[in-house]
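Here is the structure we will look at.
Order of appearance sets the numbers: ligands from 1, and atoms from 1 within every ligand. Values in this document were obtained by computation on a predicted structure and should not be read as measured data.
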Amino acid sequence: MSSVNEYRTKCTFCSVQDDIVLKRGSDGAALFGKDSLFKLYYDGKSGRGLCPRGNFTCEILNSPYRLRQAELFGKVCSVDQAIEGCIPEFRRIIEKKNNIAILISGNHTLEEAYLAKKLSEEMNTEYLGLFPFEDEALLSVKNEFSFDDLREADLVLAVGDVFSLSPTLAKPILDARNKKRGNRLISLDIVGNRISLFSRSFTIKPGYMLYFLSVLLSQLEGEKRLKLDKAKVGISDSQIEEIAGALKESKNGQIIFSNIYGHFNNPYGIVAKLSRISEITESKFAVVPIGQNSLGVGRIIGNFNNKKIMDALKEKKLEGLIVLGGDPFDFIPDFENIFGYLNFVLSTYFFKGSGSPECFIPSVFSFEKQGSVVSLEEKVVNLGEGVTPVGDSISDGDFISKFLSKFTGKKVKAGVTSAKPIPFMEEKNIKEPADLVNKKFPFTVIGIGLPFHHGSGEITKRMKWNQGKERPYVFINPDKIKELSLEKEITIETAGGSSVFAIEDCSNLPFDVRGDVIAVPVHYSQSRKLFVANPDEDGIISPGAEKARIVK
Ligand code: SF4
């Protein structure tokens, strides 16, 4: 075998799915130096480059901390032994219908999602759900989007911080903005964001985005049946007319929606309104999920199941849980308590998680497997070639196939059924929301994303501003820090819970944070704990901004 290995695949870290090239070694080189590590290159064809999260691919690929072996009841074993050991547990659990839930991340291929669906049938359960939870709100949308059209759009209306959550989309968006001086970029958000610098930017009061869009829609429909109170919503009638006018005038506008945990309240309603606004104004509409293939995986699941699953977990109605591609202790709210009564938890993941499920299977990233995903452009695309997995780690698709063949005695093939968006649910009457700030809770805490990779992200930790951030932190307006004489560390309390945070000066953000807002990067589980993970009026679990207070 040649000492040079080259793999062309897709970035695993978001739904933009940028092309990446991973290369190792060079012909004739002795492989005991840096040459034996993988290096990352980007495919210049797209012209978008890679963001710091994409560059993190290399750290993960070369990381010595990846888990390489399975564990069953705390003992290291082979994947086959783990499967053998699990089977009696699962046989007992599934005697009762809906006694187990399966949660699968949006970072799986269509083939794996199909196998997860088969697995749920064999496990006698309807409880098959998608995470990250915030992506479930996007499953009724069929994207109207192409990178080429985006570069030509005479208007881009970005709702949410597209630049932070999907950084390489900034390039085609700014190309569109700069193509002609008359072209427009409008940003709507509930806190400043990375697009604000380049756009006509409007900040809607946290919790009010759905109401604001309902007003905008009624304006576009010429009905003006809903009224705006600028003091409450944060935007005046003339500003709303400006946005409506820009949408009406545009010939090839593009609306884009991005969300993250703890940010928008009622994201399903927001998506439904944006979809309707795009129809009326003949603009294109696209959602940009957090997960690489959340649209594909969610459509194969074919239903909004997360509420049912979380209700069953909270009401202690389940005995078993399978989590594919995540650490349940990290992303399931209150999982320490839930874990206490579950009889058997199997999780597949890449690193040692924060708890100890009964069975752990080492899993692989998308650049270590083959299969297909749904792109933002609504094409089914192949991931490309997978790098050989480390140790015994195995793709969740291969794991499920092995498991099912031992469990049922039959071979299961990963056929892919058509994956259509789930039809929109009936619209709810939009009520003006309650204010998120009051005397007892004078702040609003808002979840934000950063364009860097965290977790064990060695590479991004080397970036100057992010050095040494080993614990959760929040951004607070500097005047507020002075006014309240806040120390370096504070405790923030919400109806969801409380956590201790370091205070970060907003000068490290390219936008201002209002005095009554606390912006929380939500990549820490302590940060996510602040947001109440109850289903909203649409039955979607996707927490939004929350009222909060600082306990010194
Ligand atoms: S925007 Fe960044 S994280 Fe997303 S696919 Fe591109 S390189 Fe990866």
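- Sorted pairs that involve residues 160-169 and meet salt bridge (Lys or Arg N to Asp or Glu O under 4.0 Å), not counting sequence neighbours, are lacking altogether.
- Residues forming a salt bridge (charged side-chain N to carboxylate O under 4.0 Å, His left out) with Glu282 (at least two apart in sequence, or on another chain): none.
- Counting only protein atoms, the N, O or S atoms lying less than 2.8 Å from atom 8 (Fe) of ligand 1 are Cys11 SG, ordered by chain and residue number.
- Salt bridge status for Asp175 with Lys171: present, with a side-chain N to carboxylate O gap under 4.0 Å.
- Cation-pi check for Arg48 over Phe147 is met; the charged atom lies under 6.0 angstrom from the ring centroid and within 45 degrees of its normal.
- Counting non-hydrogen atoms of neighbouring residues, nucleotides and ligands closer than 6.0 angstrom, the CG atom of Asn183 exceeds 12 such neighbours.
- Applying the salt bridge (charged side-chain N to carboxylate O under 4.0 Å, His left out) test to Lys529 and every residue at least two apart in sequence or in another chain returns nothing.
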